[in-house]
**Student:** 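A single structure is presented below for examination.
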Amino acid sequence: MNRRWLSSSGVLGLGLLVSCGGGSTSPYGGGGGGGTPPADCASSGASATITATSSFTFSPSTATISAGQKVCWVNNTGIAHTVTSDDARFTGGNLPSPGTVVVTFPTAGSYAFHCSIHLPPTYYMTGTITVQ
């Protein structure tokens, strides 16, 4: 095998790995935008859990929490999804399968979200987090 190809492909692979590390600059954090998501929602300390379903919905589609609490999205469908803020006020990011995304909501308000892969009118992967 050509050693020059192996050497340059190894450097390229390392560069891609480093550049994909990501990281959230949002005060709302996010498990999918950077870092390592927790193994499951129970260990995350989340006050609410939302599940991506095989029928391409989020269940439940709404959750109400107090300011400073966390929401955990879980996906075991075998299909990748995202947790995307409708107005960029929080960072959720990729929701692989299996996987979780945890977001802390420090400020009261209404936060609409959707899966950017599975949009209406074909799918209804949308929801709202109400923070009191």
Side-chain angles (χ1 to χ4, degrees):
M1 196 173 247
N2 185 335
R3 289 179 187 247
R4 181 176 294 153
W5 182 85
L6 283 174
S7 175
S8 63
S9 65
V11 171
L12 177 61
L14 180 59
L16 288 174
L17 181 63
V18 170
S19 67
C20 291
S24 172
T25 58
S26 168
Y28 298 96
T36 304
D40 60 44
C41 289
S43 68
S44 72
S47 299
T49 298
I50 298 174
T51 302
T53 72
S54 58
S55 59
F56 296 94
T57 62
F58 285 112
S59 180
S61 61
T62 62
T64 301
I65 61 171
S66 297
Q69 292 183 324
K70 300 174 186 177
V71 174
C72 181
W73 285 264
V74 63
N75 180 12
N76 291 314
T77 64
I79 300 166
H81 298 290
T82 71
V83 175
T84 305
S85 172
D86 285 4
D87 58 8
R89 291 194 303 152
F90 71 90
T91 301
N94 295 326
L95 181 56
S97 181
T100 59
V101 168
V102 177
V103 177
T104 302
F105 291 87
T107 307
S110 181
Y111 299 85
F113 64 91
H114 63 277
C115 172
S116 64
I117 302 169
H118 304 105
L119 298 170
T122 305
Y123 305 104
Y124 288 92
M125 295 197 79
T126 61
T128 304
I129 305 300
T130 302
V131 181
Q132 300 176 335

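These numbers were taken from a predicted model, which means no experiment stands behind them. Count residues from 1 along the sequence.
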**Student:** Please give me the minimum heavy-atom distance between G68 and T104, naming the atom from each residue.
**Tutor:**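 G68 and T104 have their closest heavy atoms at O-CG2, 3.7 Å.
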**Student:** Give me the ring orientation class for F105 and W73: parallel if the planes are under 30° apart, tilted from 30 to 60°, perpendicular past 60°.
**Tutor:** tilted
**Student:** Looking only at heavy atoms, which two atoms of S85 and H114 are closest? And how far apart?
**Tutor:**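 Reported closest heavy-atom pair: O-CE1, 3.9 Å.
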**Student:** Distance-only criterion, 3.5 Å: show the donor-acceptor pairs between side-chain atoms of residues 119-132 and protein atoms not counting sequence neighbours.
**Tutor:**
residue : atom : partner : partner atom : Å
Y124    : OH   : P121    : O            : 3.4

**Student:** Take N75 and S97 through the test side chain to side chain contact (heavy atoms under 4.5 Å, CB included) and record every step on the way to the result.
**Tutor:** CA-CA 5 Å; N75 180 12; S97 181; 3.5 Å; yes
**Student:** T82: which residues meet the side chain to side chain contact (heavy atoms under 4.5 Å, CB included) condition with it, sequence neighbours left out?
**Tutor:**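 Expected list: T84, N94, C115, S116, I117.
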**Student:** Let me have the donor-acceptor pairs involving side chains of residues 53-63, under 3.5 Å, with sequence neighbours excluded, atom names and distances please.
**Tutor:**
residue : atom : partner : partner atom : Å
T53     : OG1  : S55     : N            : 3.3
T53     : OG1  : S55     : OG           : 3.0
T53     : OG1  : T57     : N            : 3.2
T53     : OG1  : T57     : O            : 3.2
T53     : OG1  : T57     : OG1          : 2.7

**Student:** Here's a test for you: under side-chain contact (heavy atoms from CB on, under 4.5 Å), which of V103, V102, I50 qualifies with C72?
**Tutor:**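 That would be V102; it is the only one of V103, V102, I50 passing the side-chain contact (heavy atoms from CB on, under 4.5 Å) with C72.
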**Student:** Nearest 0.5 Å please: distance from the OG1 atom of T49 over to the CG atom of D40.
**Tutor:** 9.0 Å
**Student:** Can you tell me which residue pairs pass the salt bridge (Lys or Arg N to Asp or Glu O under 4.0 Å) test with a partner in residues 77-88, sequence neighbours excluded?
**Tutor:**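 Listed once each, the pairs are D87-R89.
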**Student:** Could you pull out the closest heavy-atom pair between S44 and K70, with the gap in Å?
**Tutor:** O-NZ, 3.1 Å
**Student:** Would you say Y111 and F113 are hydrophobically clustered, going by side-chain heavy atoms of ILVMFWY under 4.5 Å?
**Tutor:** yes
**Student:** For A112 versus F90, what's the shortest heavy-atom pair and its separation?
**Tutor:** O-CE2, 4.0 Å
